[in-house]
Each structure stands twice: as C-alpha cells, then as structure tokens.
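Here's the structure we're looking at; comments come further down.
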Amino acid sequence: MSPVTVTRVTVASSVFLASIPSPDRGVWELGPIPIRAYALCVIAGIIAAIWWGERRWIARGGTPGTVIDISVFAVPFGLVGGRLYHVITDNQLYFGADGDPVKILMIWDGGLGIWGAIALGAVGAWIGCRVKKVPLPVFADAIAPGVVLGQAIGRLGNYFNQELYGGPTGLPWGLEIYRRINESGAEDNLNGVAVNHIPVQVVHPTFLYELLWNLGVVALVVWADRRFRLGHGRAFAVYVAGYTAGRTWIELMRSDPANEVFGARVNVWVSIIVFLGAIAYLVLAKRRGPREDLAAIQGSVPPDTGEPAVEEATDVDDVADADAEKADETDDEAAESDDAPAEAEKSDEPVDEPAKADAEEPADAKADEPAKADEPAVAEEPAEAKPAESADEPADDKAESSTDEKSEEPAGEKKEPSSSTRTET
C-alpha cells in the first residue's frame with residue numbers, strides 16, 4: 001500500500017478552507033444485502049444511455065424498442081470487456097504472490113476499463129444489430145451522446161469509493177480523503193467507514209474533472225450531430241475523439257498505481273492511439289454520403305397499436321373504390337345512350353371520301369379485304385370536293401368515323417375496307 005500523507009487541519013483553519021468532502025462510506029447494508037453506490041451509479045448510467053439512445057433512434061425514424069433489444073447483447077458484453085481490460089492492465093492485483101484471482105469476479109469493488117467496455121460492447125451491439133437487421137454505425141450514432149452521459153454518471157461511483165484521484169492540491173475544489181476501516185479494523189476505502197471527517201489529504205478530484213469533461217463531450221456530440229447531420233458512425237467518432245482528448249490529460253494527473261509503457265501510463269497511450277483512429281474515421285467516413293434514412297432501412301414498420309386504425313382505413317378505401325366503380329359504370333351507360341342516336345344518324349348519312357385514295361391501294365390488298373355490310377356506302381366525288389369534308393356532319397361523328405377507319409386499316413395503309421370493296425364492285 002502506498003504511504004498516506006496526513007494533513008493537519010485545525011478547527012479554525014477548516015472554517016476558511018474550501019474543499020469537497022468525501023462520503024463517509026460507499027456501501028450500505030440492507031439486512032444481508034450490501035447496497036453499493038458504485039454499482040448503483042453504473043446501473044444508472046446504463047439506464048440513462050439506453051433511454052436517451054432509444055429517444056434518438058425514434059427521432060431518426062427508427063422502430064421503437066430497437067435500442068433496448070440491441071442493448072440486451074451490448075450491455076453484458078460491455079461489462080465483461082470492461083472487467084477484462086482492467087484485469088489485463090492491472091494484472092498484479094489478481095495474479096502473483098500478492099494477487100487473488102477470485103477478486104476478478106468482484107466487479108462491485110470497482111475496476112472497469114472503458115476501452116474494454118467499448119470494444120467488447122461493440123461486439124455485442126454488432127450481434128444485436130445483425131438480429132434486428134440494422135447497420136451498426138447507425139446504432140452507434142444514435143447512442144453516442146447517451147454513452148458518454150452514462151460514463152459521466154458512472155464516475156460518481158469513484159467518488160463514493162474514494163478512488164481515481166490525483167495528487168495533493170490547495171485549490172478550493174480539492175477533494176478530502178478520509179481514513180476508512182472495515183469491520184476487521186483494516187483500512188478499506190471500498191468497504192470501510194470513515195473514522196472521522198478529518199481529511200488525511202486533499203487531492204485533485206480527477207474523477208470530477210472527467211465527469212465535467214464528459215458532459216462537455218455530450219454537448220459537442222449533440223451540437224455537431226444537429227449542425228452537420230452526421231451519419232455512418234461519425235457522431236460516435238466525435239464522441240470517441242472528444243472523450244480521448246480529455247482522458248489523455250486527466251490520466252496524467254492521476255496518482256493511483258498503474259502499469260506504464262515508455263514512462264507513461266498504459267491508458268495514456270491507448271487514449272492517444274484511439275484519438276487518432278477516431279479522427280481518421282471521422283474524415284474518411286464523410287465520403288459515404290449523407291446520414292442514413294432509418295425509415296427506409298427498417299421499412300417504416302408501424303407499431304402494433306396502429307393495426308386497427310390501418311384496417312379501418314383499408315375498409316373505407318374499399319368502399320370508396322366500389323363507389324367509384326359504380327359511378328364509372330353509370331357514366332359509361334349514359335355515354336352509350338347518348339351515342340346511340342348519333343350512330344343511327346350516321347348510318348343514314350353518306351360519308352364523302354375522295355376517289356383519289358381508292359386508286360392508291362394495291363389491287364391485291366383490296367381483293368383480300370371482306371366486304372362489311374354494316375359500313376355506310378361512300379359516294380365518289382371529284383378530288384377538288386375534299387375540302388368540304390362533312391361540313392354538316394357533327395364533330396363527334398367525324399372523330400368516331402376517323403377512329404374506326406384507322407383501327408380497321410392494315411399497317412402502312414390509309415384505305416377503308418368498305419371503300420375498296422365498293423370500287424371493285
């Protein structure tokens with residue numbers, strides 16, 4: 001255990017000393033059940049992330065309940081991944097002469113690495129997205145601000161555990177660290193109770209710095225997403241880049257023991273690498289085009305509560321279609337009754353047709369055409385009489401006669417079969 005620096009604080013000086021007091025404990029006993037503040041903060045952060053992610057998903061046109069369903073896979077994977085990352089980077093706490101492998105399962109005592117939680121949580125989210133048939137980047141964009149908000153809430157658990165703080169400070173927002181002992185009389189910040197409220201030291205509350213930084217990242221992601229309509233995982237990339245930028249300098253302030261590589265804490269190097277990767281993805285993903293249309297991806301499936309209304313609307317449409325069909329039939333019958341007198345008048349009235357057209361049709365084509373008894377006889381007139389084309393004939397009858405003639409002509413010919421028959425006769 002690292003040596004503890006004792007700061008002597010008198011009653012008079014404590015009146016003028018501004019600092020943040022720590023809780024006297026982080027665990028409350030409810031009968032045989034221990035209620036741990038760290039676990040409650042983590043659970044509250046998860047709930048907040050899912051709740052906000054669901055709201056953003058629906059606002060983007062997604063089907064309600066999708067984020068919750070995918071979270072069933074993502075959350076357990078994330079918890080396991082976070083614990084594995086902590087065990088790997090701080091393996092001396094669980095293996096070796098002073099280690100206890102059983103403590104790996106004691107997740108309530110703290111020790112979750114955010115990088116492992118994101119990495120393995122992404123695997124679980126990918127599985128859930130495959131099940132729900134939605135792209136993983138679309139899901140990531142929807143939950144991005146909720147995830148970093150959940151991290152901010154989870155950091156409050158470090159406050160109750162008196163852990164992850166920095167070096168001594170005289171700043172007004174310094175954190176008071178109390179001496180805690182457990183039931184056996186041993187010093188225990190996680191499970192013990194403060195002996196008194198005289199701080200043994202006043203330190204930088206680095207967990208509080210990260211909490212406030214995370215809230216700033218939340219605002220950044222929301223603003224950038226609305227301003228640039230980010231898609232294809234770019235909103236999630238903004239979150240990762242923003243978080244790692246803050247985590248780098250905050251990690252350098254921490255005083256708790258940690259493994260180092262090239263003179264720097266492992267988490268510092270990981271933050272730098274992940275930050276560069278997030279920036280690269282943010283730039284490259286812009287080529288994929290505008291934000292995805294969730295309504296088109298999920299087929300705009302309406303919720304179950306809307307089925308009766310849809311059926312009712314369908315019945316009304318069927319009735320309207322039936323009424324429209326009846327109206328069309330009535331109009332057709334009326335049109336036929338109006339055309340009957342015109343047809344009768346047309347059969348009595350001779351139709352003038354120029355004789356010049358008779359001579360243009362080949363004789364063999366004329367011979368093959370059968371005579372039609374119901375066609376009116378065409379009287380031959382000189383060619384100069386063509387301009388007087390049915391001057392006294394109604395416009396409707398003329399149009400019908402022209403249409404009937406064209407429909408009965410062979411392709412490429414403009415001669416009426418009845419006229420050719422009359423000419424041959």
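Computation of the quantities below employed the complete heavy-atom set of this structure, encompassing side-chain atoms and omitting hydrogens, waters and symmetry-equivalent molecules. Note that the coordinates shown come from a computational prediction; the quantities given were computed from them, not determined experimentally.
- Using the six-membered ring where Trp is involved, Phe236 and Tyr239 have ring planes that are perpendicular, over 60° apart on the 30 and 60° scheme.
- Residues Trp115 and Tyr243 place their aromatic rings such that the two centres sit under 6.0 Å apart.
- Phe207 pairs in a ring pair (Phe, Tyr, Trp, His ring centres under 6.0 Å) with only one of the listed residues (Tyr165, Trp213, Tyr159), which is Tyr159.
- Separating the CG atom in Leu211 from the OG1 atom in Thr206 is a distance of 11.5 Å, to the nearest 0.5 Å.
- For the pair Arg229 (side chain) and Pro290 (backbone), a donor-acceptor distance under 3.5 Å is absent.
- Note that CZ of Arg247 is 12.5 Å distant from CD1 of Ile272, once rounded to the nearest 0.5 Å.
- If you take CD on Gln151 and CG on Leu112, they are separated by 11.0 Å, rounding to the nearest 0.5 Å.
- Counting heavy atoms from C-beta on, the side chains of Trp223 and Val218 never come closer than 4.5 Å.
- In this structure, Pro199 and Ile177 have side chains that are not in contact, with every pair of non-hydrogen atoms separated by 4.5 Å or more.
- In this structure, CG on Asn189 lies 14.5 Å from CZ on Phe160, to the nearest 0.5 angstrom.
- Considering CG of Leu164 and OG of Ser255, their distance stands at 9.5 Å, rounded to 0.5 Å.
- A donor atom on one side chain and an acceptor atom on the other are not found under 3.5 Å apart for Ser22 and Glu176.
- Considering every non-hydrogen atom in both Ala264 and Trp269, the closest pair reads CB-NE1, 3.4 Å.
- Salt bridge present: Asp69 and Lys132 bring a charged side-chain N and a carboxylate O closer than 4.0 Å.
- With sequence neighbours excluded, no residue forms a salt bridge (charged side-chain N to carboxylate O under 4.0 Å, His left out) with Glu54.
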Taking it one step at a time, do Asn158 and Tyr38 satisfy side chain to side chain contact (heavy atoms under 4.5 Å, CB included)?
-> CA-CA 7 Å; Asn158 303 131; Tyr38 180 85; 3.7 Å; yes
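- Counting heavy atoms from C-beta on, the side chains of Ile35 and Val27 never come closer than 4.5 Å.
- Within 6.0 Å of CD in Glu183 there are 12 or fewer heavy atoms belonging to other residues, nucleotides or ligands.
- Here Arg56 pairs with Asp225 in a salt bridge; the nearest charged N to carboxylate O distance falls below 4.0 Å.
- Using modelled atom types, one side-chain atom of Asn182 and one backbone atom of Gly185 make a donor-acceptor pair closer than 3.5 Å.
- For Arg180 (side chain) and Leu190 (main-chain N/O), no donor-acceptor pair under 3.5 Å exists by modelled atom type.
- Listed here is the closest heavy atom pair of Thr244 and Thr248: O-OG1, 2.8 Å.
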Criterion side chain to side chain contact (heavy atoms under 4.5 Å, CB included) on Glu260 and Val266, from CA distance to verdict = CA-CA 5 Å; Glu260 296 183 352; Val266 172; over 6 Å; no
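- Inspection of the Asp188 and Asn191 side chains reveals an N or O donor paired with an N or O acceptor under 3.5 Å.
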Candidate pair Leu215 and Leu149, rule side chain to side chain contact (heavy atoms under 4.5 Å, CB included), full reasoning = CA-CA 6 Å; Leu215 295 180; Leu149 175 63; 4.0 Å; yes
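- Counting only distance, with no hydrogens or angles, the side chain of Arg25 and the backbone of Val193 share no donor-acceptor pair below 3.5 Å.
- Side-chain contact check for Lys103 versus Leu93: every heavy-atom pair is 4.5 Å or farther apart.
- Side chains of His232 and Tyr281: no donor on one and acceptor on the other come within 3.5 Å.
- Ser19 contributes no side-chain N or O that, together with a main-chain N or O of Pro172, makes up a donor-acceptor pair within less than 3.5 Å.
- Inter-residue side-chain proximity for Pro145 and Trp52 is flagged as met; some heavy-atom pair is nearer than 4.5 Å.
- His204 approaches Tyr209 most closely through the heavy-atom pair ND1-OH, 2.9 Å.
- Between the CZ atom of Phe73 and the CD1 atom of Ile127 there is a distance of 7.0 Å, given to the nearest 0.5 Å.
- The closest donor-acceptor contact from the side chain of Arg291 to the backbone of Leu230 lies under 3.5 Å.
- At a threshold of 4.0 Å, the pair Arg265-Asp256 counts as salt-bridged, since one of the basic side-chain nitrogens sits closer than that to a carboxylate oxygen.
- Looking at every heavy atom in both residues, Ala235 comes nearest to Asp141 through N-OD1, 3.0 Å.
- Side-chain atoms of Ile68 and Ile50, non-hydrogen and from C-beta on, do get closer than 4.5 Å to each other.
- Salt-bridge formation is detected for the pair Arg179/Glu187: a Lys NZ or Arg NE/NH1/NH2 atom is positioned less than 4.0 Å from an Asp or Glu carboxylate oxygen.
- Proximity of Leu252 to Val268: side-chain heavy atoms (C-beta onward) are separated by under 4.5 Å at one or more points.
- Of the possible donor and acceptor atoms, none in the side chain of Asn161 sits under 3.5 Å from a partner among the backbone N and O of Glu163.
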Would you sort out whether Val67 and Phe139 count as a side chain to side chain contact (heavy atoms under 4.5 Å, CB included), showing the intermediate values?
-> CA-CA 8 Å; Val67 171; Phe139 173 78; 4.1 Å; yes
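- Nearest approach of Trp57 to Ala142, heavy atoms of both residues: CE3-CB, 3.8 Å.
- For the pair Gly45 and Ile153, the tightest heavy-atom approach, listed with the atom from each and the gap, is N-CG2, 3.8 Å.
- At least one side-chain heavy atom of Phe95 sits under 4.5 Å from a side-chain heavy atom of Val87.
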